[in-house]
Peer 1: 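My structure is below; once you've seen it, I'll send some questions.
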Amino acid sequence: MAHLTVLTVPDLRLRSKALPVVAVDDDIRCLMKDMLETMYSDDGAGLAATQVGIHKRVLVLDLEEHAPGLGPLKIANPEIIWRSKETQKNWEACLSVPGQSALVERFVSIRLRYLDQDNRQQEKDFHDWASVCLQHEIDHLDGILYVDHLSKIKRQMLIEKAQKFKKNKKEIVTL
Ligand SMILES: [Zn+2]
């Protein structure tokens, strides 16, 4: 298994739009496995391929802690085919914007069509935390970060703070 490097702001590769996969084959399954491994070791709940510089519509998440039964999910070509009218503000954080968090408005429920790890098409409803996480990860595949949902001033402030956070963290590690 390989540990992948998670890109952080302001890396422009985070702004690329990912392309759909043709099929979930062994290569994609291997990528999903590496992404999960990377996500666990970096203490994240979700990770999109864009965040490791691979521009394929693949994401992984593990919400078992918050939503039992939603343990490791491996998803390709996710497509939101329905959104609830109801929205909700939740605190979000992101491995690509290290050390920061902010309140972001999201749809409470979504219906997702996607390919699972066995290349089978699935359609499933997700609510609350799972819905929020999926919207966050799907945004990544379109080159969008959660800070883009905030005001310009707040966004710039969080990006600057994230860069400082990463720099200081590195200095501590190398001492
Ligand atoms: Zn993120």
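Throughout, residue positions are numbered sequentially from 1 according to the sequence presented. Counting starts at 1 for both ligands and their atoms, following the listed order.
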Peer 1: Give, for atom CD of Glu137 and atom CG of Leu47, the distance between the pair rounded to the nearest 0.5 Å.
Peer 2: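 Spacing of CD (Glu137) from CG (Leu47) equals 6.5 Å.
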Peer 1: Which residues and atoms, counting only protein N, O or S, are under 2.8 Å from the Zn ion (ligand 1)?
Peer 2: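 Listed by chain and number, the nearby protein N, O or S atoms are Cys94 SG, His136 NE2, His140 NE2.
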Peer 1: Hey, could you give me the CD/CH2 distance between Glu65 and Trp129, rounded to the nearest 0.5 Å?
Peer 2: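 These two atoms lie 10.5 Å from each other.
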Peer 1: Take atom NZ of Lys74 as the centre, draw a 6.0 Å sphere, and report whether it contains more than 12 heavy atoms from other residues, nucleotides or ligands.
Peer 2: yes
Peer 1: Whether the side chain of Gln135 engages the backbone of Phe107 through a donor-acceptor N/O pair (distance < 3.5 Å, no angle test) should be reported.
Peer 2: yes
Peer 1: Which of these, Leu141, Val24, Leu115, sits in a side chain to side chain contact (heavy atoms under 4.5 Å, CB included) with Asn77?
Peer 2: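 Only one of Leu141, Val24, Leu115 forms a side chain to side chain contact (heavy atoms under 4.5 Å, CB included) with Asn77, namely Leu115.
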Peer 1: Looking at every non-hydrogen atom in both residues, tell me the closest pair between Gln163 and Val9 and how far apart they are.
Peer 2: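 Minimum heavy-atom contact is CG-O, 3.7 Å.
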